[in-house]
Amino acid sequence: LEGLAYVKNNRSIVILLVLGFLSLLLLQPFMVVLPALAGERFDIGPEGFGLLVSMMGAGSLIGPLILAFMGDFQGKGAMISVTMCLSGIALVALGLAPFLILAMGVLILVGFFDSTQRTVTNGLLLTLSEARFHGRVISLYLLDRGFVPLGSLVAGYAAEFFGPAFALISMGTVLSISVLLVLLLQPKFLFVK
């Protein structure tokens with residue numbers, strides 16, 4: 001209860017938790033749709049699907065490496081917001097990608113944007129919270145991982161009934177719009193250091 005009260009009184013931490021929730025609900029579940037996209041659009045088997053996933057892994061490695069070279073920087077709120085919006089746009093691009101090579105490139109971007117956003121979010125949560133609340137704040141941040149199955153359920157049904165492209169485009173659009181709405185309501189978050 002003390003941890004919840006602490007978080008409630010820190011607007012930036014609340015926004016970080018909300019953005020983390022949106023990422024887990026609308027971005028992470030795209031992996032449920034990826035096998036259907038690989039099979040239906042690109043007609044590739046398990047090896048091809050593995051190649052797609054490895055492209056995302058490559059992007060996920062690049063993001064934190066660049067952040068490590070950047071060191072401490074200003075505008076972490078803006079970095080999180082921009083990379084989340086770009087993640088949504090990348091999902092839309094993945095849903096529209098007509099060629100395998102283009103989908104591979106887009107998946108590198110998805111991995112890059114997602115890992116960058118999550119790395120900066122983790123660091124910012126620890127920076128903004130008092131040391132005695134670190135465990136409780138990070139626990140709340142990790143608690144929303146329970147929403148990935150819910151997002152996956154919705155994404156899976158959307159892919160089944162309307163096709164994988166529709167599911168990806170919908171997820172990406174809702175993610176980007178949701179982030180923009182959060183920023184419209186809390187524009188000062190862009191300037192969180």
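Remember, predicted model here, so these are calculated numbers, not experimental data.
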Say whether [X] and [Y] are linked into one hydrophobic cluster, either directly or through other cluster members, by side-chain heavy-atom distances under 4.5 angstrom.
X      : Y      : result
Val18  : Leu26  : yes
Val106 : Ile169 : no
Val154 : Leu94  : no
Val33  : Ile108 : yes
Met31  : Val174 : yes

**Report entry** Test salt bridge (charged side-chain N to carboxylate O under 4.0 Å, His left out) applied to Asp72 - qualifying residues, sequence neighbours left out
**Finding:**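 Partners of Asp72 by the salt bridge (charged side-chain N to carboxylate O under 4.0 Å, His left out) criterion, ordered by chain and then number, come out as Lys76.
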
[Y] and [X], any side-chain heavy atoms less than 4.5 Å apart:
X      : Y     : answer
Val92  : Leu96 : yes
Thr116 : Ile62 : no
Val182 : Leu22 : yes
Met104 : Leu51 : yes
Met70  : Met79 : yes

Output side-chain donor-acceptor pairs under 3.5 Å for residues 37-46, partner residues at least two apart or in another chain, one line each.
| from | atom 1 | to | atom 2 | distance (Å) |
| --- | --- | --- | --- | --- |
| Arg41 | NH1 | Gly95 | O | 2.7 |
| Arg41 | NH1 | Ala97 | O | 2.8 |
| Arg41 | NH2 | Gly95 | O | 2.9 |

Under 3.5 Å donor-acceptor pairs involving side-chain atoms of residues 124-131, not counting sequence neighbours:
| from | atom 1 | to | atom 2 | distance (Å) |
| --- | --- | --- | --- | --- |
| Thr127 | OG1 | Gly123 | O | 2.8 |
| Ser129 | OG | Leu125 | O | 2.7 |
| Glu130 | OE1 | Arg132 | NE | 3.2 |

Report task. Test side-chain contact (heavy atoms from CB on, under 4.5 Å) on Cys85 and Leu180 and set out the steps. Result -> CA-CA 8 Å; Cys85 280; Leu180 292 174; 3.8 Å; yes

Query raised in the report: How is the hydrophobic cluster of Leu65 composed, in terms of its other members, when Ile, Leu, Val, Met, Phe, Trp and Tyr link through side-chain heavy atoms under 4.5 Å apart, directly or indirectly?
Result: Leu61

Report task. Scan for salt bridge (charged side-chain N to carboxylate O under 4.0 Å, His left out) pairs involving residues 155-173, sequence neighbours excluded, and state none if there are none. Result -> none

Query raised in the report: Which residue pairs pass the salt bridge (charged side-chain N to carboxylate O under 4.0 Å, His left out) test when at least one of the two sits in residues 102-122, sequence neighbours left out?
Result: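 Qualifying pairs, neighbours excluded: Asp114-Arg118.
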
What ring-ring contact (aromatic ring centres under 6.0 Å, His included) pairs are there with at least one residue in [range], not counting sequence neighbours?
range            : answer
residues 93-139  : Tyr6-Phe133
residues 50-82   : none
residues 166-188 : Phe162-Phe166
residues 9-30    : Phe21-Phe147

Query - Results of side-chain hydrogen bond (donor to acceptor under 3.5 Å, both in side chains) for Thr121 - residues two or more places apart only - result: Gln117

Interatomic distance, [X] atom [atom1] to [Y] atom [atom2] [nearest 0.5 angstrom]:
X      : Y      : atom1 : atom2 : answer
Ile89  : Ser176 : CD1   : OG    : 5.0 Å
Leu107 : Met56  : CG    : CE    : 7.5 Å
Leu183 : Ile15  : CG    : CD1   : 8.0 Å

Requested in this report: Determine, stepwise, if the pair Leu19 / Met84 fulfils side-chain contact (heavy atoms from CB on, under 4.5 Å).
Outcome: CA-CA 8 Å; Leu19 292 175; Met84 283 193 69; 3.6 Å; yes

Closest approach of [X] and [Y], non-hydrogen atoms and distance?
X      : Y      : result
Ser115 : Gly63  : OG-CA, 3.9 Å
Ser152 : Pro29  : N-CB, 3.4 Å
Leu27  : Met171 : O-CE, 4.2 Å

Query raised in the report: Can you list every pair that meets side chain to side chain donor-acceptor pair (under 3.5 Å) and has a residue in residues 77-86, with sequence neighbours left out?
Result: none

Report task. Report, as yes or no, whether the 6.0 Å neighbourhood of atom CD1 on Ile101 holds more than 12 heavy atoms from other residues, nucleotides or ligands. Result ->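 Not buried by this count: 12 neighbours or fewer within 6.0 Å.
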
